[in-house]
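Read the structure below first, then the notes.
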Amino acid sequence: MSKYFESFVDYVAVRNPNQPEYLQAVREVAEDVIPYIETQAKDLIACKLFERITEPERTVSFRVVWVDDSNHVQINRGYRVQMNSALGPYKGGLRFSPTVNLSVLKFLAFEQTFKNSLTGLPLGAGKGGADFDPRDKSDSEIMRFCQSFMTELNRHIGGDTDVPAGDIGVGEREIGYLFGQYKRIQNNFTGVLTGKGPSWGGSFIRPEATGFGLLYFVERMLYEKQDTLKGKKVAISGAGNVAYYAALKAISLGAKVITISNSNGTIYDEQGFSQEKLDYVNSLKRNLQDYTKRFPGEYHAGKKPWQFACDIALPCATQNELDEQDVKQLLKAGCMCIAEGANMPCTELAVKAIMKAKILYAPGKAANAGGVAVSGLEMSQNRIGQQWTADKVDGKLKKIMQEIHDTCVHYGKDNNGVINYMKGANIGGFVKVATAMKAQGYV
Ligand code: NDP
Ligand code: 2IT
């Protein structure tokens, strides 16, 4: 790597101490974008375009106080990282999880910059959330927390300013409570959040969009190799929104889904999941160990899905959930494709091992962009006061995923015809944002 790369990485590391996830995400993009800038866009060096893109436009951190069911006062920390508004209003999810901190949210907001650019829609980038764990809370505790969180957040967001959505720990229920409180404070029914219910401004297909989009992307990658999903064995991690709809779409495209997991363990079903089985998994809440009470299969406490032989691995849970050792195991068992439903689920060393093996690899910023893409379509529907049919939204989603795939091929194909989807996504996402930032001057 060049001197500029080395000095840039040092510069970002010094400015962002104790933020390992953020530095990991920046390095992964810089490895592709800096060589591109040095050879094809030298003018971006003097105007410090890449240095600017790694500095959030604004970061808000705030106290969230609420009272739990036992009448105890609880204090959490809320955040919104408004990363980049070159292409449109800040856009990206809210994560409620005890693992939330500034490093995690900045990496997510940084990834969102390139992802949102790749969708082709007018979306800036942001991410937010709180170190609040919704998993062990009652419904009324969740409502009180959401109301307190929005009492501060409302002054920083708006339909043309910043439009949050869901992420880990934030689904339709939380979006409902957040929206209700925003509307109450602002006296304004507007598209300030996406992922709303279909009867109150939400878009059809938004719940399905990330998982469905992931499979549309995988379908396109396989198509490039004159292959299909029919008969492929698919290992999926996670048991949440992305994992569930990824599994359903994979099954409907003829694949056999053999694993579902959460942070406690993995269910392995050799015969493959069906919709009935997946709905049963959902009904178990987080008690995956009870799967075998109703269906044949195995529960592996404390284990990840990557030990089971599969053709395609779809990490759909969280960051850094798949490491170098997992890649070795997957490769040994014949895995030919890894596509990320989650954001940055592969560690840096895992990515290097995948690249070396030259199997198909789709980074999250391309492969999971379907969620934010349909959020963008929800914003369009809110602006014109209409609701499109599920078929229409699904058709648009499919087309967007195909276009993202083609952008990756355009920027990522080498002279031997090998497609580096990571490089394609990084450069393809960067070019559009950089052009807009350059045009908008030193801001
Ligand atoms: P959910 O909250 O619906 O589900 C998260 C799932 O991941 C849960 O089953 C959870 O298990 C599991 N999980 C979390 N942490 C771990 C861990 N350390 N090890 C194993 N499993 C874990 O979130 P989503 O499905 O919405 O999000 C999943 C991923 O997809 C995230 O990386 C998110 O950023 C990304 N994403 C989401 C989009 C969306 O539209 N929702 C869009 C694009 C990306 P447990 O209950 O045990 O915690
Ligand atoms: O990571 C993501 O792209 C999301 N959580 C979805 C963001 C959105 O605004 O729909």
Side-chain angles (χ1 to χ4, degrees), residues 21 88-100 104-105 107-116 118-119 121 123-129 133-136 157 162-175 191-196 202-203 205-214 236-247 259-267 281-282 284-288 302-306 314-322 340-346 363-379 397:
E21 293 85 1
Y90 306 110
K91 181 83 196 89
L94 296 171
R95 178 177 290 191
F96 290 170
S97 158
T99 61
V100 160
V104 167
L105 294 181
F107 113 66
L108 289 163
F110 185 70
E111 290 287 284
Q112 203 82 45
T113 307
F114 303 90
K115 182 193 307 193
N116 292 5
L118 284 167
T119 66
L121 300 172
L123 301 171
K127 200 88 187 190
D133 192 347
R135 293 174 301 184
D136 55 357
I157 61 175
D162 184 352
V163 184
D167 194 81
I168 292 178
V170 178
E172 191 181 324
R173 174 182 57 169
E174 289 74 19
I175 293 293
V192 68
L193 291 158
T194 59
K196 301 184 292 298
S203 176
I205 304 295
R206 177 62 189 86
E208 294 87 347
T210 311
F212 279 18
L214 173 65
I236 295 182
S237 65
N241 169 271
V242 180
Y244 175 77
Y245 287 108
T259 64
I260 283 288
S261 72
N262 66 14
S263 50
N264 298 328
T266 295
I267 307 172
V281 171
N282 272 347
L284 296 174
K285 305 289 176 197
R286 302 183 56 243
N287 300 311
L288 302 190
K303 297 278 190 232
K304 302 195 250 183
W306 320 126
L314 303 177
C316 295
T318 193
Q319 64 272 4
N320 291 328
E321 55 161 313
L322 198 158
E340 301 179 341
N343 286 305
M344 205 169 74
C346 297
K365 69 197 88 182
N368 72 35
V372 76
V374 173
S375 278
L377 301 178
E378 183 169 326
M379 288 163 70
L397 169 64

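Atoms within each ligand, like the ligands themselves, are counted from 1 in listed order.
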Heteroatom distance test ([X], ligand 1): nitrogen or oxygen, under 3.5 angstrom:
X: Thr210; value: yes
X: Gly169; value: yes
X: Lys115; value: no
X: Thr318; value: no
X: Gly166; value: no

>> So is Gln319 touching ligand 1 or not, going by heavy atoms under 4.0 Å?
In response: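 No heavy atom of Gln319 comes that close to ligand 1.
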> Closer than 4.0 angstrom: is that true for some heavy atom of Lys304 and an atom of ligand 1?
Replying inline: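 Heavy atoms of Lys304 never come under 4.0 Å of ligand 1.
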N/O donor-acceptor pair under 3.5 Å between [X] side chain and [Y] backbone:
X: Arg206; Y: Gly371; result: yes
X: Glu340; Y: Cys316; result: no
X: Lys196; Y: Ser203; result: no
X: Ser261; Y: Gly238; result: yes
X: Asn116; Y: Lys91; result: yes
X: Glu321; Y: Ala317; result: yes
X: Thr210; Y: Gly370; result: no
X: Asn368; Y: Gly341; result: yes
X: Asn262; Y: Ala239; result: no
X: Thr113; Y: Ala125; result: no

Heavy-atom contacts with [X] under 4.0 Å: which atoms of ligand 2 show up? List them by number with element.
X: Lys115; answer: 1 (O), 2 (C), 3 (O)
X: Lys127; answer: 1 (O), 2 (C), 4 (C), 5 (N)
X: Gly92; answer: 7 (C), 9 (O)
X: Ala165; answer: 8 (C), 9 (O), 10 (O)
X: Gly93; answer: 7 (C)
X: Lys91; answer: 8 (C), 9 (O)

Looking only at protein heavy atoms, identify the closest one to [atom] and say how far it is in Å.
atom: atom 23 (O) of ligand 1; value: Ile168 CA, 3.5 Å
atom: atom 46 (O) of ligand 1; value: Arg286 NE, 2.7 Å
atom: atom 10 (O) of ligand 2; value: Ser375 OG, 2.5 Å
atom: atom 5 (N) of ligand 2; value: Asp167 OD1, 2.9 Å
atom: atom 3 (O) of ligand 1; value: Asn241 N, 2.9 Å
atom: atom 25 (O) of ligand 1; value: Val242 N, 3.0 Å

>> For a quick test of reading the model, state the closest non-hydrogen atom pair linking Gly128 to Leu105 and the distance between them.
In response: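 Result for this residue pair: O-CD2, 3.5 Å.
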> What are the two closest heavy atoms between Pro207 and Tyr245, and how far apart are they?
Replying inline: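 Pro207 and Tyr245 have their closest heavy atoms at O-CD1, 3.2 Å.
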Residue [X] vicinity, atoms of ligand 1 by number, heavy atom under 4.0 Å:
X: Cys316; value: 28 (C), 29 (C)
X: Arg95; value: 31 (C), 32 (O), 33 (C), 34 (O)
X: Arg135; value: 45 (P), 46 (O), 47 (O), 48 (O)
X: Ala342; value: 29 (C), 30 (O), 32 (O), 35 (C)

Closest to [atom] (judged by heavy-atom distance), picking from [options]:
atom: atom 6 (C) of ligand 1; options: Gly93, Gly240, Gly341; answer: Gly240
atom: atom 20 (C) of ligand 1; options: Ser263, Ala246, Ala373; answer: Ser263
atom: atom 7 (O) of ligand 1; options: Ala317, Ala369, Ala243; answer: Ala317
atom: atom 9 (O) of ligand 1; options: Ala239, Gly364, Ala209; answer: Ala239
atom: atom 10 (C) of ligand 1; options: Asn262, Leu108, Asp167, Thr99; answer: Asn262

> Which is it for Met344 and ligand 1 at heavy atoms under 4.0 Å: side chain, backbone, both or neither?
Replying inline: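 For Met344, there is no contact with ligand 1 at all, from either part.
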Is ligand 2 under 4.0 Å from a heavy atom in the side chain of [X], in the backbone, in both, or in neither?
X: Met379; answer: neither
X: Asn343; answer: side chain
X: Gln112; answer: side chain

>> So is Gly166 touching ligand 2 or not, going by heavy atoms under 4.0 Å?
In response: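 So Gly166 counts as touching ligand 2.
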> Under 4.0 angstrom from ligand 2, any heavy atom of Arg206?
Replying inline: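 It does; at least one heavy atom falls under 4.0 Å.
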> Quick one: CG on Leu118 to CG on Leu123, what's the gap to the nearest 0.5 Å?
Replying inline: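 Here the rounded value is 11.5 Å.
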>> I need the Leu397 CG to Thr119 OG1 distance, nearest 0.5 Å.
In response: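 It comes to 11.0 Å.
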